[in-house]
2 protein chains.
Amino acid sequence: MKTRDKIIDCAIHLFNEKGTAAVSTNHIAAAAKISPGNLYYHFRNKEDIIFAIFEQMDVRGTSQYQSVIDSYPSGTMESLEHTFLMIQKFNWRYRFFKRELTPLVMNTPLLKERFHITNTQTKEMIRFAIDNGIASETIKPLDASTKNHLVDAMWLVALFWLNYLEVGGEEVDDNTLRRGNSVLHTILGPYLTNNF
Amino acid sequence: MKTRDKIIDCAIHLFNEKGTAAVSTNHIAAAAKISPGNLYYHFRNKEDIIFAIFEQMDVRGTSQYQSVIDSYPSGTMESLEHTFLMIQKFNWRYRFFKRELTPLVMNTPLLKERFHITNTQTKEMIRFAIDNGIASETIKPLDASTKNHLVDAMWLVALFWLNYLEVGGEEVDDNTLRRGNSVLHTILGPYLTNNF
DNA sequence: GTCTATAAGCGGATAGAC
DNA sequence: GTCTATCCGCTTATAGAC
């Protein structure tokens, strides 16, 4: 394994354990069993490492999303559920990032810019899925503003469900993740054609 | 103004501007125009200050909630809307706390314990409001799990709407806060008796 | 690419005078 | 209650040898 990747792996692990603020570049170097100087050969600073982690997340996330919609066509309830669970497992893997999402995005200009792109794309995908649902008569026709609010509601739940569980002192496991899915279904359900 | 309160005020302001990690006790002391030593006379450390801020939030929040439900009986749509907007304005005032909610709650045992109480109480209030809505036939009868999921959905939106706006690069103003209200209405609307 | 050594600075925290 | 002075430890970051 390349040193650069080893650094990223150890950083993810430590950040998930203790949060980015409590983890120094020295800690990361020690965990990766390299010298502090070596770490600075590969990265300019901690921010740079965090940004590299974000890029990894972004690339892997896109490819995972692709494999879900290859298996379950967009706009079906199956694809919705599998996408949601995929996102949650993903968020868990990089959980420090979602926990500190707002400060990280706000205080790092580069990250802000890049996250904004991903964020916008994701909302467009949700909108696209809803449109497909309407076209295939899974979802009832919606006026524009209701559709916008549903996109917001669904993306909000997907982004923050993990945080919601953690601040509530709940375990993150299959049960609680599935409950997130049920919450999503409670929101979307009344807008489905065959809900009752 | 008492020194202790001056420290708390300056700390809130600085934390909101730069986040808790970037603000040292020295910065707070300088902003409050007192010596670093004096700060340590009033608080054991930074964590202690954050906890004091949480207590202030908690006390003021409870009293504000009281004045809302004194004006608008629990279970009406007016009370829901006013409560939501009140919470958002409140979250904005202590916005650093909501931005860093998960790390703060997870890494501070004392805060974890206290937040858990508030969190549980709030969910009970939402449930109480829904029950009142059902009793007064504003809300259709709900089975137990749907009710649970609605409580989760509504509290999730109330807790994280500000974060949702900020990570999306949106301004926090009357417009976007009202949009949060609309999202809530899109979620709850189909469960109302007179929605359409 | 990787190491050792180290500079420079900051943050947390305390002692002791007033 | 408030100040000044100060100590320790840690973190970031770089220089230079291998």
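Within every chain, numbering begins at 1; the chains are lettered A, B, ... in the order of the sequence lines, protein sequences first and strands thereafter.
Whole-Å rounding puts the B/Asn45 CG to C/dG11 P distance at 16 Å. The CG atom of A/Asn26 sits 15 Å away from the P atom of C/dA5 (whole-angstrom rounding). Between B/Arg4 atom CZ and D/dT2 atom C1' the separation is 17 Å, expressed in whole Å. In this entry the distance linking NZ of B/Lys18 with P of C/dG11 reads 12 Å, nearest Å. Per the geometry, CD1 belonging to B/Ile7 stands 11 Å off P belonging to D/dG1, to the nearest Å.
Using a 3.5 Å distance cut-off with no hydrogens or angles, the side chains of A/Thr122 and A/Asn119 do not pair a donor with an acceptor. Looking only at atom types and distance, the side chain of B/Ser67 has no donor-acceptor partner in the side chain of B/Asp70 under 3.5 Å away. Side-chain contact of B/Ser35 with B/Asn38: a donor-acceptor pair under 3.5 Å is absent, judged by distance alone.
Residues of residues 28-42 of chain A having a heavy atom closer than 4.0 Å to DNA chain C, listed by number: A/Ile34, A/Ser35, A/Gly37, A/Asn38, A/Tyr41, A/His42.
In this model, the phosphate group of D/dT12 is approached by a side-chain N or O of A/Thr25 to a distance below 4.0 Å at OP1 or OP2. The side chain of A/Thr3 contributes an N or O atom lying less than 4.0 Å from OP1 or OP2 of C/dT2.
Annotation: salt bridge (charged side-chain N to carboxylate O under 4.0 Å, His left out) contacts of B/Asp58 (sequence neighbours excluded): B/Arg114.
Looking at B/Glu100, B/Lys112, B/Glu113, B/His116 one by one, the single match for side chain to side chain contact (heavy atoms under 4.5 Å, CB included) with B/Val105 turns out to be B/Lys112.
Counting heavy atoms from C-beta on, the side chains of B/Tyr94 and B/Arg60 come closer than 4.5 Å.
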